[in-house]
Each structure stands twice: as structure tokens, then as C-alpha cells.
Amino acid sequence: MGKLPTIIQGGMGAGVSSWRLAQAVSRLGQLGVVSGTALDLILSRRLQDGDPGGHMRRAFDQFPFPEVAERIWDKYYIPGGKPERASYKLLPSHAKDTPLELRDLYILGNFVEVFLAREGHNNPVGINYLEKVQLPHLPSIYGAMLAGVGYILMGAGVPLKIPGVLNRFANHEPATYPLHIVGALDDDDRDMKFTPMEFTGRDLPPLTRPKFLAIIASNTLAITMLKKADGKVDGFIIEGPTAGGHNAPPRGKLQLDENGEAIYGERDIVDLEKIRALDTPFWLAGGYGAPEKVAEALDAGATGVQVGTAFAFCEESGLRPDAKRTLLDKARSGKARVFTDSVASPTNFPFKVALMEGSLSEEPVYKARPRICDLGYLREAYRTPSGETDYRCASEPVSIYLSKGGKLENTEGRKCLCNALMANIGHEQVRNGKYTELPLVTTGNDLIMVDRFLPDGSTTYTAEDVVRKLLSFAPRPKANAEESQACPVGCSSGD
Ligand SMILES: Cc1cc2nc3c(=O)[nH]c(=O)nc-3n(C[C@H](O)[C@H](O)[C@H](O)COP(=O)(O)O)c2cc1C
């Protein structure tokens, strides 16, 4: 295995770890990771914003299937951008049998993000997906591989069948992926299918098979992945409950503390002794965004760390500038606060929320939002009484959710993460020229100390400031020096 990175800049969806951030990190010889979530939608909205900077156009020109690129360009590009109060176009609905336009958007959206993140250097770039957001998986992964992605990282589920998909796509072979359908019967057809030849229409040279890193929060899952995955698992990210984004729920029955936050206990702590025994590279995540924590991880036998929150607030991240400024100010003045919301996410996973005025973290703001579900990335598939597959989201209008067999208790406190996450990156939907979707920013508990990356006298910091600081610990001699040695800024981790 080539030299492995000490720092992985964690995937941050949607669009927070954009190509710009991942490129900045990978240029420094560490691993930049783009978020692979909702890239179809993000691409369509960048085009409707007039493609500022011309970056989409540059990537479109390198896409090996120009007729697909031009079709999408013609449909979504608005010269100069849409009027501010106009709504963005909606995309076709995600479904098990992907509509062709959406398939093309998945492939192109993933290609563009990886292509741009790889520009200007020769180091690997990764892409991150949430296993639970299953419908886009196959065409998305293929699109990322067409652009030469070096690593696929996946959490929020048990991605046993992804390594095999990578093996098959490396040879442009058809692949299937089982869709989780609530109430499915044994002989129901649950497989999503993608046949590269139906898209490419011609033979292509083999693609590089990216490394696969599974993001996990338990020893059992690590062992299951190694024993049962249908291809090679190249490493693990072991993520603790202080990490930003979605967190693995605590083991056993959910218990909340007096603030209403999930209580994690002894059983949730991953035994690193057992992880070391698996003889597979691993990185530690969740509160490792500090030089002393990097040193601690290396001492524990990890290859390095995965860091999210510290990178979410640097200049290159996709997070909207007003939210970055407000939350950085809060961190500086000791007023930043992060809440682990056990019900906000329709996925049912705890979701970390930064408290911020005017965002959906405030109850009255949340209550004033019309309950609308029109993006649908977090919908679950279920079997209807007549045996069809339909989709529902616990954040959609309650009566509609109930009419699809959903339970009332699942709807309480649920938030529309899809629309909020688009607002977090400046692609907020405007409804009838009146209601504008508002942000709901996710960060890890490390938000309270992100100001430590600010250079003296500066109000902003860069990805390079983060990487330099994280690698500023005194290097220690290691037993297995070749794989776990810190790679200083500027060195190449060329794969
Ligand atoms: C804004 C934000 C969004 C995130 N989104 C994702 C995601 O889409 N997929 C994922 O696997 N992890 C996600 N994470 C987790 C990060 O990849 C990383 O593991 C985590 O932030 C590490 O912990 P830290 O926040 O304490 O540095 C997100 C984190 C943040 C801060």
C-alpha cells in the first residue's frame, strides 16, 4: 500500500467539504475528501447560480461523454445566475429505478467534484458517502471512479457490498446494491442495478480501484466488515460521539441526559487493542483536531486522524461565510455551543447541531418553517400493501407520512435536513418568492476551540493553517514507522 496520510480531512456533507477544500488539503500531501452527498443537486444549483468562476464548465469540458454534459448544461445553466428571489428547479425524484436524467446528474456531479479536487497536484483525493443514502450509490461511485478517485470512505450504515462494487466498476462490469426496503419480503427484488456499458456505450480501459475505508464506531462492526465484506476493506475510521454530522447511536436503549442529549457509556468505547489486532490501518476521528490529539492517536497505533470541524471553518470550506463568521466569533468569545439532537435527523441517528440565532436550531424558527419535503435524500424505502416500493420521510408533512404507514412518534422534532444543508452552503431554496430555507449547521464538539487555528491578528484561517498546526507535534519514533510516520506538509503521499 502506498504511503498513507496522517491527516484525513473528513467528508462533510452536503457540500461543506467541497472540491476546493479537498484540493487544498490533498495539495499538502494529506488526504482531502469531498462529500459525495447530493452532488446531483449541488451541481444543478451551481449551474443555476451561473457557475461563478467557470469551474463547472472547466470540469464539464473534461467529462468523457460530452453529449451528456451538454444536455445537463443546457437544462440547468443560467447565464449570470437566477434572480435572487426565484426558486431553483427541482430534480426528478430519487427512486430504486433511477430516472435517466438523475443517473446522468449523479455521474457528472461526482465526476466534477473529484476532477476539480484533483486539479493541480498528483496526490490522492477521497469521496465520502453515507451508506443510508443508498439510491445514488452506484452511478455516484462510478462517476467518482471515472474522475480517478483514490479513496471511498463510507459510514452511517454497514457497507458490506461496496468493496465488491469497486472491484466490478474498475473493469466497467455491471454491479448491484441491495436497497433497504422496510417490510420487504424475502423474494422481493431489492437490488438496484447499474450497467456501465448502458451509460458509456463503448469499451473503456480499466479504472483504478480506489481504497475503501469504512467509518465505524464499534469493534463488532470492524470484525464484521473484515469477515463479510465482498472485497477488500483497506482501513477503518473509528469515529467517536463528539464528531460533527451524524453520530452512531449509543448501544442499548436510548437514554437522554437533563439537556436532552444522548448518553454514551462504556459499551460505546471502541477497544483499540482489538482494533490493532486486526492488522488493518486505522484513523481516529471525533475530537482529534489538535496536535496533541494527533500525537495521542499515533501513540495508540493509529495511522493518523480524521478531522472535520476544524476544516469546516477554514476559508476553503463550502460553509456559507456568514455562518462561519458567526460561529467563529462565538468560539472566540467562549459562547459556542453544540447540541446532540437525537430526533432532528429523519435517519434516526443523533445529529450534532451548532446553536446559532436565525437558524433552525431555534425552536420558533423551526416552527415557522412550512413542513415540506421536496429533496428526499433521507427518505426510507418501504413496501406498500400492494407490494410496490414507495418512499417516506419522517420530516415530510405529518399527514402524508402517516398515510404511508409511518408512525406519529417518528415525526416529532424532525427537521428537513436536506433543505437546511443546502442553505448551509448558500444554495437555499426560495419558495414562491417569499419563504427562504434557513440553515441548520452541524459541527463537532470541537467547535468551541476552532479559534485556535486563527493566525495572530487574523479573523479567518486556511486549510494549510489547520494541517500545519495538526502536524506541529514533536514526531515520535514508531515501531511501524513506514506506515504511521507523520507526513510533513508538502510531502507527497502519491498513491
Ligand atoms: C459539517 C460536518 C459535516 C459532516 N458530514 C459528514 C458526512 O456527510 N459523512 C460523514 O461520514 N461524516 C461527516 N462528518 C464527520 C466528519 O467526516 C469527521 O469524521 C468528524 O468531523 C471528525 O470529528 P471532529 O468534528 O471532532 O473533527 C461531518 C462533520 C462536520 C463537521
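Ligands are counted one by one from 1 in listed order, and the atoms in each one are counted from 1 as well. Atom set for the values below is all heavy atoms of this structure, side chains included, hydrogens, waters and symmetry mates excluded. From a predicted model like this one, the values you see are computed outputs, not experimental measurements.
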**Complete:** Going by the 4.0 angstrom heavy-atom rule, the piece of Glu239 near ligand 1 is side chain
**Complete:** Here the atoms of ligand 1 under 4.0 Å from any heavy atom belonging to Gly10 are 17 (O)
**Fill in**
min-distance protein heavy atom vs atom 4 (C) of ligand 1 -> Met12 CA, 3.4 Å
**Prompt:** Ignoring hydrogens and geometry, is there a side-chain-to-backbone donor-acceptor pair from Tyr391 to Lys96 under 3.5 Å?
**Reply:** yes
**Request:** Keeping the roles fixed (side chain from Asn219, backbone from Asp271), state whether a donor-acceptor pair exists under 3.5 Å.
**Result:** yes
**Request:** Test the Lys161-Tyr177 pair against the cation-pi criterion, namely NZ or CZ under 6.0 angstrom from the six-membered ring centroid and within 45° of the ring axis.
**Result:** no
**Prompt:** Looking at atom 11 (O) of ligand 1, what's its closest protein heavy atom, distance included?
**Reply:** Asn128 ND2, 2.9 Å
**Residues Arg392 and Glu380 bridged, charged N to O under 4.0 Å** = yes
**Request:** Start with the C-alpha gap between Arg46 and Glu113, add the side-chain angles, then the distance that decides, and say whether salt bridge (charged side-chain N to carboxylate O under 4.0 Å, His left out) holds.
**Result:** CA-CA 12 Å; Arg46 286 179 184 153; Glu113 206 68 7; 2.8 Å; yes
**Request:** Report the part of Ile215 in contact with ligand 1, treating N, CA, C, O as backbone and CB onward as side chain, heavy atoms under 4.0 Å; options are side chain, backbone, both, neither.
**Result:** side chain
**Asked** Is Gly244 in polar range of ligand 1, meaning some N or O pair under 3.5 Å apart?
**Response** yes
**Message:** Ring of Phe313, cation from Lys324 - is the NZ or CZ under 6.0 Å from the centre and inside 45° of the axis?
**Reply:** no
**Request:** Flag Tyr288 as yes when one of its N or O atoms lies below 3.5 Å from any N or O atom of ligand 1, and as no otherwise.
**Result:** no
**Request:** Classify the ring geometry between Tyr142 and Phe194 as parallel (under 30°), tilted (30 to 60°) or perpendicular (over 60°).
**Result:** tilted
**Prompt:** Of all the non-hydrogen atoms in the protein, which one sits nearest to atom 26 (O) of ligand 1, and at what distance?
**Reply:** Gly287 N, 2.7 Å
**Side chain, backbone, both or neither: Leu130 near ligand 1, heavy atoms under 4.0 Å** = side chain
**Prompt:** Any nitrogen or oxygen of Gly308, main chain or side chain, under 3.5 Å from a nitrogen or oxygen of ligand 1?
**Reply:** yes
**Request:** Starting from atom 5 (N) of ligand 1, find the nearest protein heavy-atom neighbour and note its residue, name and distance.
**Result:** Gly13 N, 3.0 Å
**Request:** Tell me, please: is Gly289 in heavy-atom contact with ligand 1, that is, under 4.0 Å?
**Result:** no
**Asked** Against heavy atoms of Gly286, which atoms of ligand 1 measure under 4.0 Å?
**Response** 22 (C), 23 (O), 26 (O)
**Message:** For ligand 1, which is the ligand I care about here, please tell me if Gln306 has any N or O atom under 3.5 Å from one of the ligand's N or O atoms.
**Reply:** yes
**Request:** Taking all non-hydrogen atoms of both residues into account, name the closest pair between Ala217 and Glu239 and its distance.
**Result:** CB-O, 3.5 Å
**Asked** Do we get Lys352 above Phe339's six-membered ring, with its NZ or CZ under 6.0 Å from the centre and within 45° of the axis?
**Response** no
**Message:** Give the atom numbers and elements of ligand 1 that come within less than 4.0 Å of a heavy atom of Val307.
**Reply:** 27 (O)
**Item:** Parallel, tilted or perpendicular, as decided by the 30° and 60° cut-offs, for the rings of His246 and Phe351
**Value:** tilted
**Message:** Pairs of nitrogen or oxygen atoms closer than 3.5 Å, one from Val16 and one from ligand 1: do any exist?
**Reply:** no
**Asked** Among all protein non-hydrogen atoms, which one is nearest to atom 24 (P) of ligand 1, and what is the separation to 0.1 Å?
**Response** Thr309 OG1, 3.7 Å
**Sub-4.0 Å heavy-atom approach of Ser35 to ligand 1** = no
